Protein chains: 2
Amino acid sequence: MHDTTMTIREMCDAYDVTPRTLRFYEAKELLFPIREGQKRLFTKRDRARLKLILRGKRFGFSLEEIRQLLDLYDMGDQQATQLQRTYEIAQARLQDMVEQRDELNEAIDDLKEQLKWGEKVIVSMTKTEKAAE
Amino acid sequence: MHDTTMTIREMCDAYDVTPRTLRFYEAKELLFPIREGQKRLFTKRDRARLKLILRGKRFGFSLEEIRQLLDLYDMGDQQATQLQRTYEIAQARLQDMVEQRDELNEAIDDLKEQLKWGEKVIVSMTKTEKAAE
DNA sequence: ATAATGCTTGACGTTAACGTAATCATAACG
DNA sequence: CGTTATGATTACGTTAACGTCAAGCATTAT
């Protein structure tokens with residue numbers, strides 16, 4: 001076989017993404033598949049990065065944020081300052097997520113209130129409806 | 001003054017929206033300001049609707065959903081079935097919001113785990129760094 | 001009368017993350 | 001050698017909710 005590289009299709013099957021997505025990620029400089037003639041060959045490194053990309057997406061990071069994180073990651077496994085930076089970005093993202101959730105919780109509570117009110121109205125209306133019969 | 005109507009600017013100031021937004025809402029048939037010559041005049045009804053629109057947005061309804069709700073609202077204050085329908089739409093939205101929040105909570109927990117791990121790595125790296133000095 | 005406002009209607013621009021063709025190249029298979 | 005499979009490139013389309021001009025009336029202040 002091909003040493004340890006994968007074709008675009010194999011990647012798609014393995015990670016459940018479309019070719020377009022992989023090409024898109026390459027265009028955005030998130031992945032750097034090597035070329036055999038015309039075709040892309042994804043290395044072990046690409047696969048590791050893709051996993052991190054997909055994980056990052058689940059966390060709600062934007063692709064741009066993910067790119068920055070991956071870059072830091074690469075630049076210096078030796079530089080603790082970089083890792084520190086990574087940590088900070090993640091912290092900030094966490095902050096955002098918590099805020100979002102809290103807002104959502106508020107909205108949920110508000111909407112629940114509205115619904116309680118709506119129930120009362122519906123009940124009273126169906127009552128008067130019956131009364132009108 | 002103008003009986004009970006407001007100009008576009010007054011509306012903007014009162015509700016903290018841009019003229020573009022009000023025109024946009026009119027184009028989307030969420031508002032129906034009357035015309036005095038060329039100019040828009042927003043009635044009490046428009047203001048009531050705008051309040052509902054803004055509230056709906058806080059709840060995360062799309063403008064299209066809001067339009068439908070407003071329409072139902074108008075159509076029959078007398079028809080309890082319509083109100084019932086409104087109630088159902090809101091319930092569905094609530095469902096979505098709860099799901100979203102739960103997903104967000106999961107992601108938050110996962111990310112927190114990651115961060116704990118990151119902390120450990122950073123600590124150990126700074127240690128070895130010192131050791132290397 | 002003229003300049004400065006305020007308002008109007010288009011109509012194109014923006015953002016994210018791809019989807020969706022259309023066209024072309026290459027390689028294996030029979 | 002023709003066909004099928006796989007992949008490449010290019011480029012426009014999608015969605016939501018407006019933002020951002022541009023150009024033109026109309027009223028009001030000077």
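Chain letters run A, B, ... following the sequence lines, proteins first, then strands; residues in each count from 1. These values consider heavy atoms only, across backbone and side chains, with no hydrogens, waters or symmetry-generated copies. These figures come from a predicted structure and were not determined experimentally.
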Please report the distance, rounded to the nearest Å, between [atom1] in [X] and [atom2] in [N].
| X | N | atom1 | atom2 | answer |
| --- | --- | --- | --- | --- |
| A:Phe24 | C:dT15 | CZ | C1' | 11 Å |
| A:Glu65 | C:dA16 | CD | C1' | 12 Å |
| B:Leu31 | D:dC18 | CG | P | 12 Å |
| A:Leu22 | D:dA8 | CG | C1' | 14 Å |
| B:Arg67 | D:dA16 | CZ | P | 13 Å |
| B:Glu64 | D:dA17 | CD | P | 9 Å |
| B:Lys28 | D:dC18 | NZ | C1' | 10 Å |

Is the closest basic N to carboxylate O distance between B:Glu36 and B:Lys39 below 4.0 Å?
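So B:Glu36 does not pair with B:Lys39 through a salt bridge.
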In plain terms, say whether A:Arg35 and A:Glu26 are close enough for a salt bridge, that is, a side-chain N and a carboxylate O under 4.0 Å apart.
yes
Under-4.0 Å side-chain N/O to phosphate OP1/OP2 contact, B:Thr21 with D:dA17
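For D:dA17, OP1/OP2 do not have a side-chain N/O of B:Thr21 under 4.0 Å.
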Under 4.0 Å from OP1 or OP2 of D:dC18: is there any side-chain N or O of B:Tyr25 that close?
yes
Using a cutoff of under 3.5 Å, can you pull out all pairs of nitrogen or oxygen atoms linking the protein to nucleotides 6-12 of chain C, with atom names and distances?
residue	atom	partner	partner atom	Å
C:dT8	OP1	B:Arg40	N	2.9
C:dT8	OP1	B:Arg40	NH1	3.1
C:dT8	OP2	B:Arg23	NE	3.4
C:dT8	OP2	B:Arg23	NH2	3.0
C:dT8	O5'	B:Arg40	NH1	3.2
C:dT9	OP1	B:Arg35	NH1	3.0
C:dT9	OP1	B:Arg35	NH2	2.9
C:dT9	OP1	B:Arg40	NH2	3.3
C:dT9	OP2	B:Arg40	NH1	2.6
C:dT9	OP2	B:Arg40	NH2	2.4

Between the main-chain N or O of [Y] and the side-chain N or O of [X], is there a donor-acceptor pair closer than 3.5 Å?
| X | Y | answer |
| --- | --- | --- |
| B:Asp46 | B:Phe32 | yes |
| B:Glu103 | B:Gln100 | no |
| A:Arg49 | A:Leu30 | yes |

Heavy atoms of A:Phe59 and A:Arg93 approach each other most closely as O-NE, 3.4 Å
